[in-house]
Amino acid sequence: MSHSVFSLIGIWDLTGLVALILILYVAKFYFQYFTRSNPLPGPLPLPIFGNRLQYRGHPATWAQKLRERYGDMCEIYMGSERHVWLSRSELVSKIFSPSTNNNFLVRITAREGLDEIGVTTRGLTFNRNVESWMYNRKFFNQAISVPKFLKQTVEKTQELFAEMESYWSELGHNTTLNFSEWIDQYIMDISFVMITNKRAYSFVNYYNRISKGKSVKYPDSVLIESEKFIKNVHSWLSALQFFMDTPKFWRNHVTNMKKRANWLKAEVNRLNQTLLDIIRDRRQEISRTPPDVSLKSDFLTMLLTINTPRDITINIADDHHTNPMTDEDVCGNLIEAVVAGVDTTASTFCFIIYHLAHYPEVKERVFREINSVFGDLNRPINYEDLSKLNYCEAVIKEVSRLMSIVPAIWRMAIRDDKISHHQFKGSTQFMVNTYAIHRHEADWKDPELFNPSRFMNDSNNSATRIHKNSLLIFGNGLRMCPGKQFAMTEIKTLMILLYRKYDVELVDMDAPIKYHYSTVKHCDDLYVRIKPRI
Ligand code: HEM
């Protein structure tokens, strides 16, 4: 039958028919594109791919080019989905409004890939259910920023630094260290211990690997388990990226993609199971602890005791949020607390090291400020000390402004809305172009200049005041980063620990800063020598 159809139509007729269908499809695509409602400037999309092929895995460079060519508000297409990029502080005021009626409380449009790995109905970052997000957010936010937790962060940062210092000293002060790798592992350790009150032994494993035979005091079995755990956390992050970007058809039908999808899903399940086991053990520990013995104040214990008779988070719950958290709720929050804070905090710190090495006058001022607060090198650091480090804070802000660790912040319009006279349909995906906003001439004098002093200016002076929404290191509004204070506490404490005793020299002062983008900008291969200052 098919043979007779072929012979009737003829091979050339068939080719012609396919070509005609393609031409009609392309014509229809561009007709719809050129007659679309409320058009914005932007690069011409291709059918099926949209502008995806122009994106080369470097969001900040791309975003900056888009702004230069198409202005402060433009549109691109990822496949068939329209993304509106906003590159000026005054355009994002609705998005970051602190009102609970904010129309941009959802981060991302519906993606079945993210549904498949279970991140759109729990936790925070990709949770699309506003009720569930609010419930989790309330507890996450407060547990991670209560003074008790932040004070303990200062203590743990010091304790673990002392251990890391002992490994550096074993290696010798003339040894070249890949600082970005050390700091990645170290921040992972701090985060894990603060979130779960358990060690991850991440930098211990790293030291074991690079020191070739100089052993450490921990049993092998513990270190092997920890190594597996850290790898599992990294594959969870890869799963996020993969399931967000890879269409269902490819995941289900292209052999290699299918294999990868199955492997990543198994990794996601494994991490969930490991954390659920930790949660179950901690629940038992809490129930075994007599009422007159106080519980630990780590993030996990706080989440588990909310709205229970052992609640250690006084004043967190309210009349609308009266349920204790289920193991699944807690698990979703734990994963995010571990993964969202490691690359961001570690890379910020590495970029600080790089900038201070290149700006000796800024480093001198950092030394002077630290010396003035800590005459005694060995005095333990208190949480209260951190508020005295105004210049160090200005350095953190200025480095973060220029480096824009999170180069774009995703938010979605829930209902139809208007931004600057443009009407948008509900479910439009917005991208806040932090990289361009951090360098916009309208808000920043000499935007390309590294000048921490711009943050030391009098905030009452309108000429030097930092404009609203022009600095979005941690985002803004109700969905801004809940880990801001935790991250700032870690970074400031680490700055003091390092610079009050050491000077950090770059091995190659001519090498440009190296980084790649995963979910955020990640600093790579920062080779340094750490020399005692006195
Ligand atoms: C220097 C370090 C950090 C930077 C630069 C950073 C930056 C950001 C930014 C820009 C956002 C998006 C905010 C918005 O949409 O307005 C965000 C969200 C988030 N961050 Fe961070 N972050 C850092 C550290 C941390 C830490 C330490 C944690 C947790 C322990 C954390 C947990 C989260 C979570 C859970 C979200 C999603 C919040 C939501 O959707 O409600 N971050 N962060």
Side-chain angles (χ1 to χ4, degrees), residues 59 86 92-98 102 104-108 119-120 122-130 132-145 149-150 153 157 183-184 187-188 190-196 233 237 240 298-300 302-303 332-352 393 396-397 399-412 430-435 437-438 469 471-495 519-523:
L86 303 173
V92 298
S93 49
K94 262 192 181 174
I95 288 187
F96 292 126
S97 146
N102 185 318
F104 300 87
L105 279 187
V106 173
R107 191 172 293 288
I108 196 164
V119 294
T120 49
R122 65 179 196 161
L124 298 182
T125 314
F126 296 103
N127 194 340
R128 303 187 73 250
N129 177 327
V130 175
S132 151
W133 169 78
M134 277 188 174
Y135 172 80
N136 286 305
R137 173 82 199 199
K138 183 170 180 67
F139 298 141
F140 189 114
N141 226 17
Q142 299 194 32
I144 209 148
S145 50
F149 180 86
L150 297 175
T153 302
T157 307
I183 293 299
D184 275 352
I187 298 289
M188 169 61 92
I190 301 180
S191 296
F192 199 65
V193 83
M194 289 308 303
I195 303 301
T196 64
V233 168
L237 275 168
L240 205 58
D298 56 86
F299 183 75
L300 171 58
M302 285 198 235
L303 293 191
N333 288 305
L334 275 197
I335 292 182
E336 292 193 27
V338 172
V339 299
V342 175
D343 281 6
T344 42
T345 310
S347 293
T348 301
F349 196 75
C350 291
F351 294 140
I352 292 172
E393 182 161 327
I396 300 170
K397 285 182 179 163
V399 168
S400 305
R401 179 185 73 83
L402 282 173
M403 298 310 295
S404 295
I405 310 280
V406 181
I409 297 176
W410 298 58
R411 295 296 185 84
M412 186 198 94
F430 286 90
M431 309 292 286
V432 177
N433 187 350
T434 48
Y435 183 87
I437 290 177
H438 285 172
N469 291 324
L471 187 68
L472 295 168
I473 306 168
F474 294 100
N476 212 348
L478 296 183
R479 221 161 168 153
M480 86 178 285
C481 176
K484 176 181 173 182
Q485 293 189 58
F486 178 38
M488 288 300 273
T489 302
E490 289 172 279
I491 295 172
K492 278 190 183 175
T493 310
L494 194 48
M495 272 179 95
T519 39
V520 299
K521 189 185 235 174
H522 183 275
C523 180

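Order of appearance sets the numbers: ligands from 1, and atoms from 1 within every ligand.
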Would you mind listing which atoms of ligand 1 come within a distance below 4.0 Å of any non-hydrogen atom of Asn476? 16 (O)

Between Arg137 and ligand 1, is there a nitrogen or oxygen pair with a distance under 3.5 Å? yes

If you have a sec, work out which protein heavy atom is nearest atom 37 (C) of ligand 1 and how many Å separate them, to one decimal? Thr125 OG1, 3.4 Å

Quick check, are the ring centers of Phe299 and Phe140 under 6.0 angstrom apart? yes

Proximal atoms of ligand 1 relative to Phe486 (non-hydrogen, under 4.0 Å): 27 (C), 30 (C)

Should Phe96 be listed as contacting ligand 1, given a heavy-atom distance under 4.0 Å as the test? yes

Are Val119 and Asn127 close enough that some pair of their side-chain heavy atoms sits under 4.5 Å apart? no

Ignoring hydrogens, what is the shortest heavy-atom contact between Trp410 and Arg107? Give both atom names and the distance. O-CG, 3.0 Å

Closest heavy-atom pair and its distance - Ala143, Leu303: CB-CD2, 4.3 Å

Heavy atoms, side chains only, cut-off 4.5 Å: are Ile187 and Glu490 in contact? yes

Is Val432 close to Ile95 at the side-chain level, that is, under 4.5 Å between some pair of heavy atoms? yes

The single option from Ile190, Ile491, Thr489 that satisfies side-chain contact (heavy atoms from CB on, under 4.5 Å) with Thr157 is Ile190

Would you check whether Phe126 reaches within less than 4.0 Å of ligand 1, judged by its heavy atoms? no

Closest non-hydrogen atom pair, Ala337 against Ile195: CB-CD1, 3.6 Å

Contact check, side chains of Met412 and Phe430, non-hydrogen atoms, under 4.5 Å: no

Scanning both residues in full, the closest heavy-atom pair of Arg479 with Val106 reads NH1-CA, 3.6 Å

Tell me, do His522 and Asp184 make a side-chain contact under 4.5 Å, heavy atoms counted? yes

Are any non-hydrogen side-chain atoms of His438 and Leu471 less than 4.5 angstrom apart? yes

I need the protein N, O or S atoms closer than 2.8 Å to atom 21 (Fe) of ligand 1, given as residue plus atom name. Cys481 SG

If we number the atoms of ligand 1 from 1 as shown, the ones under 4.0 Å from a heavy atom of Thr348 are 1 (C)

Checking a contact table here: which protein heavy atom is nearest atom 5 (C) of ligand 1, and how many Å away? Ile473 O, 3.6 Å

Going by the atom numbers of ligand 1, which of them fall below 4.0 Å from some non-hydrogen atom of Ile409? 10 (C), 14 (C), 15 (O)

Would you mind listing which atoms of ligand 1 come within a distance below 4.0 Å of any non-hydrogen atom of Arg411? 14 (C), 15 (O), 16 (O)

Would you check the N or O atoms of Trp410, main chain and side chain alike, for any that come under 3.5 Å of an N or O of ligand 1? no

Separation of Ile473 CD1 from Ile396 CD1 (nearest 0.5 Å): 9.0 Å

Taking atom 29 (C) of ligand 1 as the reference point, the nearest protein heavy atom with its distance: Ala337 O, 3.9 Å

Which ligand 1 atoms does Leu124 reach within 4.0 Å, using its non-hydrogen atoms? 35 (C), 39 (C), 40 (O), 41 (O)

Among all protein non-hydrogen atoms, which one is nearest to atom 15 (O) of ligand 1, and what is the separation to 0.1 Å? Arg107 NH1, 2.8 Å

for atom 13 (C) of ligand 1, nearest protein heavy atom and its distance come out as Arg479 O, 3.4 Å

From atom 35 (C) of ligand 1, work out which of Glu336, Met403, Met480 has a heavy atom at the shortest distance. Glu336

Could you tell me which residues satisfy side-chain contact (heavy atoms from CB on, under 4.5 Å) with Ser145, sequence neighbours excluded, listed by chain and number? Gln485

